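Working notes, beginning with the structure itself.
Numbers restart at 1 for each chain; the letters A, B, ... are given by sequence-line order, proteins then strands. What you see is a predicted model; the values in this text were computed from it and never measured.
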Amino acid sequence: DAGVTQSPTHLIKTRGQQVTLRCSPKSGHDTVSWYQQALGQGPQFIFQYYEEEERQRGNFPDRFSGHQFPNYSSELNVNALLLGDSALYLCASSLYRSSYNEQFFGPGTRLTVL
Amino acid sequence: SQQGEEDPQALSIQEGENATMNCSYKTSINNLQWYRQNSGRGLVHLILIRSNEREKHSGRLRVTLDTSKKSSSLLITASRAADTASYFCATALSGGYQKVTFGTGTKLQVIP
């Protein structure tokens, strides 16, 4: 049973560029959440996707957008990259109808913006 | 903004000792979860405690929850060097459509 997978593992971009990160949820899960984790901080919620729609959003600008596909996998897109976007981006999957929202995390994508 | 605040921010103990980490949060919750993160990689779910529970055990882990004080503690007994990691508490308001909000984390070092 495959867990949550993310690609790529590492990514280096320059300011102003655009980036796409990918996530495949754990088998049987239908909900994907994205988090940004700056060095030394806890993960910050970006948004959550279920049934191909954004259901919840954290305090992130519109430069951060996402998509969920019919197979439940998801993409996170960040436009006009800033130095401050350098972080570990974590994807978590869960079951929407779960009462307790236990989330399973992928290994993350380390994004460096130069 | 972070919902939870862990205390202490960093903890260093000898192997075999117990480690206790505390978490305080601000709003009413449905459940509280503890996660472990090794070397800035993905988070591993350790334990979930529901708002109507006061204590829960899983192996060497013991979690308590005091909803009147809006606080939780994680106790790791008989620590091992492999327990060295950052530990985060996370709160959820209700079901899957609610986001999980993480605290700031406690960095635990277990010295062999």
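- In this structure, no portion of A/Tyr50 lies under 4.5 Å from any heavy atom of chain B.
- Separating the OH atom in A/Tyr49 from the CD atom in A/Glu75 is a distance of 10.5 Å, to the nearest 0.5 Å.
- Contacts of A/Gln37 with chain B are made by side-chain atoms alone, with heavy-atom separations under 4.5 Å and no backbone atom involved.
- For B/Glu6, no part lies near chain A; criterion is any non-hydrogen pair under 4.5 Å.
- The distance from the NE2 atom of A/His67 to the CD atom of A/Glu54 is 12.5 Å, given to the nearest 0.5 Å.
- At a cut-off of 3.5 Å, with distance as the only test, no side-chain donor of A/Ser73 or A/Ser24 sits close to an acceptor on the other residue.
- Near-neighbour residues of residues 104-114 of chain A relative to chain B, defined by a heavy atom under 4.5 Å from a heavy atom of that chain, comprise A/Phe105, A/Gly106, A/Pro107, A/Gly108, A/Arg110.
- Within the model, atoms OG1 of B/Thr101 and NZ of B/Lys26 stand 10.5 Å from one another, a figure rounded to the nearest 0.5 Å.
- From A/Asn79, atom CG reaches atom CZ of A/Phe64 across 9.5 Å, with rounding to the nearest 0.5 Å.
- Between the side chains of B/Asp7 and B/Gln9, no donor N or O sits under 3.5 Å from an acceptor N or O.
- In this structure, A/Phe45 and A/Tyr35 have perpendicular ring planes: the angle between them is above 60°, well past the 30° mark.
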